[in-house]
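Heads up, the thing below is written out as structure tokens.
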Protein chains: 4
Amino acid sequence: MARPRNEVRRLAILSAATHVIASQGIGAASTAVIAKGAGVSNGSLFTYFDTKTQLLNELYVELKSEMAQAATADLPPHATAREQVRHMWRHWARWATDNPAKRRVLAQLQVADEITAESHQQVAAASASIADLLERARVGGPVQDAALGFVLTLANALAEAAIDEMIRDPEHAAANADTAFEALWRVLAGAIPPTDT
Amino acid sequence: MARPRNEVRRLAILSAATHVIASQGIGAASTAVIAKGAGVSNGSLFTYFDTKTQLLNELYVELKSEMAQAATADLPPHATAREQVRHMWRHWARWATDNPAKRRVLAQLQVADEITAESHQQVAAASASIADLLERARVGGPVQDAALGFVLTLANALAEAAIDEMIRDPEHAAANADTAFEALWRVLAGAIPPTDT
Amino acid sequence: MARPRNEVRRLAILSAATHVIASQGIGAASTAVIAKGAGVSNGSLFTYFDTKTQLLNELYVELKSEMAQAATADLPPHATAREQVRHMWRHWARWATDNPAKRRVLAQLQVADEITAESHQQVAAASASIADLLERARVGGPVQDAALGFVLTLANALAEAAIDEMIRDPEHAAANADTAFEALWRVLAGAIPPTDT
Amino acid sequence: MARPRNEVRRLAILSAATHVIASQGIGAASTAVIAKGAGVSNGSLFTYFDTKTQLLNELYVELKSEMAQAATADLPPHATAREQVRHMWRHWARWATDNPAKRRVLAQLQVADEITAESHQQVAAASASIADLLERARVGGPVQDAALGFVLTLANALAEAAIDEMIRDPEHAAANADTAFEALWRVLAGAIPPTDT
DNA sequence: CATGAATGAGATTTCATTCAT
DNA sequence: TATGAATGAAATCTCATTCAT
């Protein structure tokens with residue numbers, strides 16, 4: 001079954017999957033429900049995705065890539081590392097708060113057994129520019145000798161936790177975002193520069 | 001008296017569930033497989049747990065409580081906050097690396113839709129001493145004004161990420177453990193004392 | 001398993017079965033539920049009744065016999081057939097309205113597949129005095145040449161329908177009882193005597 | 001268009017259910033057995049009926065409607081009430097003796113707990129012309145002041161009992177049919193016209 | 001004899017996937 | 001290519017009956 005040309009339908013299916021998983025949980029996301037949500041027949045879904053597992057994997061890669069892209073968009077090229085990390089962090093947090101459903105889905109897919117090692121690798125590749133930035137930011141800091149993967153995991157965990165809290169308590173979102181950024185930066189660079197917004 | 005309800009069997013079922021979920025994922029953990037793994041008949045499982053959901057919830061609470069208890073065992077009462085956090089962190093990490101299967105299960109159950117709000121509350125109660133310690137540790141630090149829940153989430157995410165990495169790369173586990181603790185401490189207290197192990 | 005001596009328990013089980021079936025339907029009457037209703041252990045039930053089918057059959061015979069006995073109690077020996085039938089009918093209706101649960105159970109058991117032919121025969125034997133009375137009453141009437149079983153079935157159906165209605169609409173129970181008796185009598189004897197009551 | 005939902009298959013399932021219930025009782029009528037009897041896969045049954053309960057309810061309504069329609073087919077419009085009731089009675093009896101399996105099923109479903117109040121209402125609506133006829137027939141008779149529901153119940157019980165007997169003893173079916181009709185008529189109208197047949 | 005845990009054969013229902021139309 | 005009916009394996013849970021205590 002070659003990939004068909006009607007990209008719109010494919011996206012409709014992925015979108016429906018997102019909404020179903022976000023609102024009802026991954027357990028309720030049967031192919032029938034997803035197809036209906038996409039306004040597509042049950043059987044049609046399988047001309048766009050060979051298996052349900054494949055659908056889930058593609059969704060995972062797509063969402064994670066979108067998030068990575070949002071995080072690193074418009075990075076000011078000549079700013080300091082701290083400025084760049086702060087920029088990234090803001091965009092990351094904005095994408096997350098703007099797309100709570102996608103975030104919820106990502107959280108579920110991240111630990112789902114159906115996601116293959118290959119997908120995780122693809123995601124890592126798509127997150128390369130985030131990795132690059134963190135690599136630069138940690139130079140001279142306390143985690144400079146750790147494995148980069150470890151630092152990435154740490155940073156990601158921190159960010160996820162912060163965003164979770166921001167979504168849960170929108171009123172203090174701004175303050176928490178700042179606090180979280182400072183925490184992230186302390187982990188990376190260990191110190192706080194004298195002045196900065 | 002009839003055959004008494006056998007606590008050993010109940011634990012065997014929970015243990016079987018742990019092993020199945022850890023090795024095959026939560027999707028493969030049917031009651032049939034769990035029962036067989038426990039050397040128990042399919043029907044018998046349901047004399048120990050009314051529903052599969054209940055089994056999962058009890059397993060979650062049990063594992064998380066065990067972890068919390070391991071983390072806060074033998075806390076030196078008169079040590080500094082930093083010493084206490086370090087102590088907790090070491091025990092936590094040791095439990096996690098000693099029980100990788102339980103860790104994997106916990107990671108899966110934490111985001112499973114079957115886990116009820118009540119179970120999450122029970123877990124929070126069981127983790128009270130961890131919360132207390134972090135509450136003391138952050139005094140005067142950069143996150144002292146954030147919601148405690150937020151700090152807990154942050155610390156937990158950090159620890160989980162670190163332990164993930166330690167399990168993934170056992171050779172550098174010790175070094176990573178130290179790095180992670182320093183990161184955790186910086187998040188909590190913001191500064192590094194001049195001397196300490 | 002010989003019949004045990006503790007008749008009280010046996011009756012408690014039958015009574016519990018009656019209440020469960022009457023209120024929840026025969027589908028909800030598992031041996032566990034019946035046993036609990038009788039304040040008896042699950043296993044114990046099987047020392048009083050070899051199988052669930054046997055329990056149901058004994059219950060059926062018991063209830064039907066009780067009803068037949070109630071219907072023909074204190075039959076005035078020298079009264080006319082009409083007087084006797086009326087007497088029987090009144091007692092029958094009273095028993096039914098006084099024991100609505102038992103009635104409902106009887107209605108369910110009558111058509112249950114578990115009731116054996118033998119039980120139906122036993123019931124017929126227990127209803128012999130009703131049969132005798134009807135046999136006498138129909139002499140000279142329009143159904144005098146039909147099979148007696150047929151007449152019995154007819155009379156029973158009529159009575160059941162009437163009692164159903166009396167239970168459903170208690171306010172007009174008395175009037176309906178009279179109407180039903182007249183109907184019954186017309187079926188049996190075909191004519192209404194000039195004066196009576 | 002996909003394969004269209006096949007009415008033939010739906011009827012095959014209902015028919016299989018009828019045969020199983022008639023010969024083995026409602027207790028033996030598992031969806032697996034019914035599906036196999038219909039030459040249909042287990043899962044397929046559920047594309048025609050959402051639940052087993054629904055299947056049973058539809059079967060009940062369908063059979064009862066068929067019976068009511070058979071009973072009131074070709075009613076001579078200008079005949080006397082007695083003629084019309086006799087006509088109805090004959091058709092009713094013929095349908096019943098021609099379809100003994102359906103009859104047995106109806107008897108079982110009538111008292112099954114799975115049949116909903118709504119189904120009973122639908123059945124009542126489908127039996128409206130029978131009710132109309134009885135309403136006309138009882139005018140001036142001894143049950144003219146009773147609730148119509150009561151009269152319907154009575155008539156139905158009488159008919160059912162008679163048909164039971166006719167099926168049980170086919171040799172005397174014709175004679176019993178006549179006897180039963182006279183009984184029915186006496187209940188309704190109280191008197192027997194001088195000449196007829 | 002009483003108890004209630006143990007058993008395992010079903011029962012109903014869901015669902016990814018296939019395939020006739 | 002789109003549709004949705006068809007499939008049957010699997011999943012959860014129930015229950016009559018047995019049997020260790």
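All chains are named by letter (A, B, ...) in the order of the sequence lines, taking the proteins before the strands, and each is independently numbered beginning at 1. Keep in mind that the numbers below use all heavy atoms, side chains included, and drop hydrogens, waters and symmetry copies.
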query = Got a sec, which residues hit side-chain contact (heavy atoms from CB on, under 4.5 Å) with D:Ser65, two or more places apart in sequence or on another chain?
reply = D:Val61, D:Ala126
request  = Report yes if a side-chain nitrogen or oxygen of B:Arg9 is closer than 4.0 Å to either non-bridging phosphate oxygen (OP1 or OP2) of E:dT7; otherwise report no.
outcome  = yes
inquiry  = Just to verify, what does A:Thr51 make a side-chain contact (heavy atoms from CB on, under 4.5 Å) with, not counting sequence neighbours?
reply    = A:Thr53, A:Gln54
task = Using a strict 4.0 Å threshold on nitrogen-to-oxygen distance, state whether B:Lys102 and B:Glu62 make a salt bridge.
result = no
remark   = Winner on side-chain proximity to D:Ser41, out of E:dA6, F:dT7, E:dA2, is F:dT7
ask   = Would you call B:Glu114-B:Lys52 a salt bridge at under 4.0 Å N-O?
value = no
ask   = Toward the 5' end of DNA chain E, which comes first, C:Gly39 or D:Ala32, by nearest nucleotide?
value = C:Gly39
key: Atom-to-atom span, CD of A:Gln24 to P of E:dC15 - whole angstrom   = 12 Å
inquiry  = Reading DNA chain F from 5' onward, which residue's closest nucleotide shows up sooner: D:Leu45 or A:Gly43?
reply    = A:Gly43
message = Is there a side chain to side chain donor-acceptor pair (under 3.5 Å) between D:Thr116 and D:Ser119? Walk through the geometry before answering.
response = CA-CA 5 Å; D:Thr116 64; D:Ser119 293; 3.2 Å; yes
task = Can you tell me the distance, in whole Å, between the CD1 atom of A:Ile26 and the C1' atom of E:dA16?
result = 15 Å
query = What nucleotide, of E:dT13, F:dT12, E:dA5, holds the atom closest to the side chain of C:Asn42?
reply = E:dA5
ask   = Taking the side chain of D:Ser44 as its heavy atoms from C-beta onward, which of E:dA6, F:dT7, E:dT7 lies nearest to it?
value = F:dT7
query = In which ranges does DNA chain E form stems of 3 or more consecutive Watson-Crick or G-U pairs, distances under 3.5 Å?
reply = E:2-21 with F:2-21
note = C:Asp50 CG to E:dC1 P, in whole Å, measures 14 Å
task = Would you indicate which nucleotide in F:dT17, F:dT3, E:dA6 comes nearest to any side-chain atom of C:Lys52?
result = F:dT17
query = Roughly how far apart are B:Thr18 OG1 and B:Arg103 CZ, rounded to 0.5 Å?
reply = 14.0 Å
A:Gln54 CD to E:dT17 P, straight-line distance once rounded to whole Å = 10 Å
message = Just N and O in the side chain of C:Tyr48: are any of them under 4.0 Å from OP1 or OP2 of E:dC1?
response = no
Phosphate-side-chain proximity, D:Ser30 and E:dG10, N/O vs OP1/OP2 below 4.0 Å = no
inquiry  = Rounded at 0.5 Å granularity, tell me how far CG in D:Leu63 sits from CE in D:Met67.
reply    = 9.5 Å
message = For F:dT17 and C:Thr31 - does any side-chain N or O of the residue sit under 4.0 Å from the phosphate oxygens OP1/OP2?
response = no
key: Integer-rounded Å distance: E:dC1 P and C:Glu7 CD   = 15 Å
message = So, does D:Thr47 get its side chain near the phosphate of F:dA5, meaning an N or O under 4.0 Å from OP1 or OP2?
response = no
key: Gap between atoms CZ and P, on B:Phe46 and E:dG10 respectively (whole Å)   = 18 Å
ask   = Starting at CD1 of C:Ile34 and ending at C1' of F:dT17, how long is that distance when rounded to a whole Å?
value = 14 Å
